[in-house]
> 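Following this message is one structure expressed as C-alpha cells.
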Amino acid sequence: MIVELGHFAAILALLMAAGLAGTGFLAATNPAWRGLTQALALGQLALVALSFAVLVAAFVGNDFSVAYVAQNSNSALPWHYRVSATWGAHEGSFLLWTLIAAGWTAAVSVAGRQLPSEVHGRALGVLGALNAAFLLFLLSASNPFERLLPAPPTDGADLNPLLQDFGLIVHPPLLYIGYVGLAVAFAFAAAALLAGRLDAAWARWTRPWTNVAWAFLTCGIALGSWWAYYELGWGGWWFWDPVENASFMPWLAATALIHSLAVTEKRGAFKAWTAFLALTAFSLALLGAFIVRSGVLTSVHAFATDPERGVFLLIILALAVGGAFALYAARAPSIGSRATYDGISRELLLLANNAILTLALAVVLLGTLYPLAYEAATGGDKISVGPPYFNRVFVPLMLLLAAGLAIAPISRWKRTPLKLFQKAGWMLLAAAAIGVAAPLAFAGALKAGAAAAAALGTWVAVVLAADCWRHRGALTRSYLGMAMAHLGFAVSLVGIGATSQFSSALDARLAVGEAVELNGVAYRFASLTQVDGPNYTAERGTFTTDAGVTLHAEKRHYAASGQVMTEAGIAAGFFRDLYVTLGERLPDGSWAVRLNDKPLVRWVWLGALLMAGGGILAVMDPRYRRVRVRARSSRADVAPVPQAAQSGG
Amino acid sequence: MAQTAAAPAHAAAHRMIGRLLPLAGFAALVALLYLGFTLRDPTLLPSALIAQPFPRFDLPILGGGGRRATEADLQGAPRLVNVWATWCPTCLAEHAELTRIGAETGLSIIGINYKDDAAKAIAWLVRHGDPYQFNVVDADGDLGVELGVYGAPETFLVDAAGIIRHKRVGEVNRAVWENEIAPAWRNLAATP
C-alpha cells in the first residue's frame, strides 16, 4: 500500500510542476501569483521527496513485490547498500534526478525572492516545465513503483557488485546535483532572454548558482574517476568512455560559463555568448542523460536500454533545447555589448579561455558522436573512437589553457601594462627549470608531456602565490576562491602528467612467500586467507613491501548473482600509490598478480576537490548576498560596474 | 588594436545567421540521434569488412605464458571469432550458445578478450566454461579498432583463407545461429 502512496505522490508532484510552469509565467507579469508559485515549488519538492522516501523504504524493507527492488536488491545486501541501490539502476536514479530538480527549483523559489518577478517568475516557469517533463517521463516510461503481483519473488536478484561500494552511494547524487543545477543557469538565461534584460545584474544572479552546480559536478566527476580507479581493478582513472564524456561536456561548458559570466558581470561584455553558454551547459547535461539512458551509444556503464525511453528523452531534449535555442535566435540579436578593451586585457584572456574550452568541448563532442554519425552516413559501418584521439587533441588544449591561466590573475580589465607580466615571465623560467628537474630527480627520466604539465602547473601556482602575497590583507573570498580553483587545476594537471607518463605495471606469477620487484619496491605475497563478507566470500591476498607497507587485495564471490569481483589492494600516498590486484589461481597453486605503481595519481582528484572548494568559496563572497533589485532601466545595456582590483575573475 | 564587441548595424543580418547557428546545429544533432536511435539495426551486415582479410595482429594469448598469436593462426579452417569481455553482460548471455556451438558443430571458436583485465577474464572462463580454442588479449582495444568493434559482443565468421565472411553485432543466440551464421558457414563449405 505504501508503495502506491509513493506512486500517487509522484503523480501529484507532476500536477504541481505543471501548475508551476503556468503560475511562474503569470507571476512574471502579475506579482499576485508569486505566493502560489512558491507554494507549488515547495509542494512539489515535498511530494517528490515523499515519493523518493517511499522507494528507499521499499529497498530497506526488502519489498520484493516491487519489480525495481526485486531486480536491484537482495535481502543479504547490507542496509546502506540497500539505500544506495535505490539509485543503482535507471528508474530509481531518474527519481533521484527528479528529486534534485525539485530541490533546485524550491531553492530558486525561496532564495530568489528578491529578484524582479519578471525574471524570477519566468525562471520558475521554465524549471516547472522541465520538472513536469521529467516526472512525466518517470511515470510513463520509467516507473520504479511497478509491482510484481500476484507472485512476488522470495528474494531479489541483487545489486551489481560493482556498485556495492561507497563510490556509488555518493557519486550519482553529486553528479546529478551538478547536472540539474545547471538547469538554474539555463532557466535564468531563458527568463532573461524572454524578459529582454540580459544585463550585468542577470550575470550576478546567475554566478553563485552556476558555481555551486559546477562545484558539485566537479566533485561528482572526480569521484566517478576515483571509483573507476579502485573498483575496476586495472588502475586506470579515465577512459574517454561515452558516459564519462557525457558528464565531462557539461563540465567544460559550465567552466567556460563561469569565466564568461565574470566578464558579463564586470564589464557588460559577451552577453549573448554568456547566455548561449548557459543554455548550452544544461543542454549538454540533458544530452548526457539521453546518451546514458537511451542506449544510443554503447558504453560500459550505460543503463539497460529501452527504445521507448530513448524516444521520450529525445522529445524532452528537442523541446527544451530546441525551444531555448529558438528563443536565443529570436532575442539575442537585439543584445549589444559595448565594452571595449585593448591589448592583453583580462577580457582578452577570458575570451581565450572560452575559445579553448569551447574547442575542447567540440573535440569531446565530436569524438563521442562521430561513431554515431559515421554509422548513419555509411548505413551501418561501425567504428570506435579511442583514447589516442582524445589524448592527442585534448592534452595540448589543456596545456594552452594552463599557460593562459597562469597570467590571467595578474591581468587587468580593459588593458594590462606589459610590465606587469615581466615578473611572471621570470617565474616561467624558474617553473620550467622545476618542470624539467622534478621528473629527473624523482623518476630519473624526462618526458615531454609530464615536464610541460609540471612546468605550467608550477608557473600557475607561483604566480598565484606571488599575487596573493602582493594583495595580502585585501583578499576577498571570491579572489581566494578563484586562486584555490586555479591552484586545483594546476595540481590536477601535474598529477595527470606524472601519472600518465610515469606509471608502471607488472603482471607476475607469485606463490605465497615469493616476492617480486617493481620500480625499486619489493612486493612479498605474505599470505592468503579466506574472508567472509556480509553477502560474499573472498580470498584475501596480503602483500607486504620492503618499506613495511601492507596491501590487501581480494577476490570476492558474490553469492546471489554468482559474480566474481576483484578488490584492488591500494596503499594510497601523496606521492605515489601502490596498487595490487589478485588475478586467478594458476594450476600450480601460484597466483596471477598485477602490480601498479602510480605516481601522483592522488593529485588528479585532490586538484578536482580544490577546484570545487574554490567554486564554493567564491560563492560565499558577501557581495552575492547584496542582491540589488534595480529598476528596469536601460534594458540590456548596463554600464559596467566599477570594479575593485580584486575581482575574482 | 581596439576591439569592440558591438558590430555595426549593417552586420545585423550576419549576426542573425550566427544566432541561428546553434539552433541549426542542434536540429542536426537531434536528427542524428534520432537516426542513430531508430535506424540502428544491430543485425545489419556492415559491408566494409565483409570479404576483407582479417586485420593483422600480434597479441598475447590469454593465459598463454607469453605465447602470442597472429592473424595467420586463424587460417587453415573456418573459425568463429568472438569479441568478448567480462564487463559485458550480453557476453555472458551468449556464452551458453557459444559453448553449444563449440561442442556440437565442430566450428572452432577463437576469442578476442577486449579491453579487459586478463586475470578477470581467466576467472570468468574458469567459472562459466571455456568454448574457445584460444583467446588473444586485446587489452587496449587496438585490434577492436581495426575490426570496427563498437561494443562487445561481436562475432565474425572467418573462412579458411582468413577472409571475413560474416559479422554479427550483439548477442549470438540460437536463432541467430540457425538463421545467420550457420547458413553462412554452410556456404563456405559449398564454395571453397
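Below, read A as the first sequence line, B as the second, and so on, with proteins coming before strands; counting in each chain starts at 1. Below, each value reflects all heavy atoms present in this structure, side chains not excepted, and no hydrogens, waters or symmetry copies.
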> Any heavy-atom pair between the side chains of A/L287 and B/L33 that's under 4.5 Å?
yes
> Does some side-chain heavy atom of A/L317 sit less than 4.5 Å from a side-chain heavy atom of B/F26?
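Contact flag for B/F26/A/L317 side chains = yes.
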> Name the option with the most non-hydrogen atom pairs under 4.5 Å to chain B; the candidates are A/L365, A/L586, A/T566, A/V321.
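Ranked by contacts with chain B, first place is A/V321.
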> Quick check for you: among B/P22, B/A123, B/A24, B/A85, which has the greatest number of heavy-atom pairs under 4.5 Å with chain A?
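Among B/P22, B/A123, B/A24, B/A85, the one with the most close pairs to chain A is B/P22.
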> If every non-hydrogen atom of A/A373 is compared with every non-hydrogen atom of B/L32, which pair is closest and at what distance?
CA-CD1, 3.5 Å
> Identify the two heavy atoms, one from B/A119 and one from A/G583, that lie closest to each other, and give their separation to 0.1 Å.
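Heavy atoms only, the tightest pair is CB-CA, 3.0 Å.
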> Tell me whether B/R100 at atom CZ has more than 12 heavy atoms from other residues, nucleotides or ligands lying less than 6.0 Å away.
yes
> Are A/Y328 and B/L23 packed together at the side-chain level, in the sense that at least one heavy-atom pair is separated by less than 4.5 angstrom?
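Side chain of A/Y328 against side chain of B/L23, heavy atoms only: no contact under 4.5 Å found.
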> Shortest non-hydrogen contact from A/L369 to B/L29?
CD1-CD1, 3.1 Å
> Under the salt bridge (Lys or Arg N to Asp or Glu O under 4.0 Å) test, which residues partner A/E554, sequence neighbours left out?
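So A/E554 forms a salt bridge (Lys or Arg N to Asp or Glu O under 4.0 Å) with A/R540, A/R556.
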> Which bit of B/L92 is near chain A, if near means a heavy-atom gap under 4.5 Å: side chain, backbone, both or neither?
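Neither part.
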> When rounded to the nearest 0.5 angstrom, what distance separates CZ in A/R585 from CD1 in B/I122?
14.0 Å
> If I take atom CZ from residue A/R594 and atom NZ from residue B/K120, how far apart are they, to the nearest 0.5 angstrom?
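It comes to 11.5 Å.
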> Any idea which heavy atoms bring B/L20 and A/A329 closest together, and the distance?
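That closest heavy-atom pairing would be CD2-CB, 3.4 Å.
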> Side chain, backbone, both or neither: which part of A/F239 has an atom under 4.5 Å from a heavy atom of chain B?
neither
> Quick one: list whatever passes side chain to side chain donor-acceptor pair (under 3.5 Å) with A/T581, sequence neighbours left out.
none
> More than 12 non-hydrogen atoms from neighbouring residues, nucleotides or ligands closer than 6.0 Å to CZ on B/R68, yes or no?
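Atom CZ in B/R68 is packed in, count exceeds 12.
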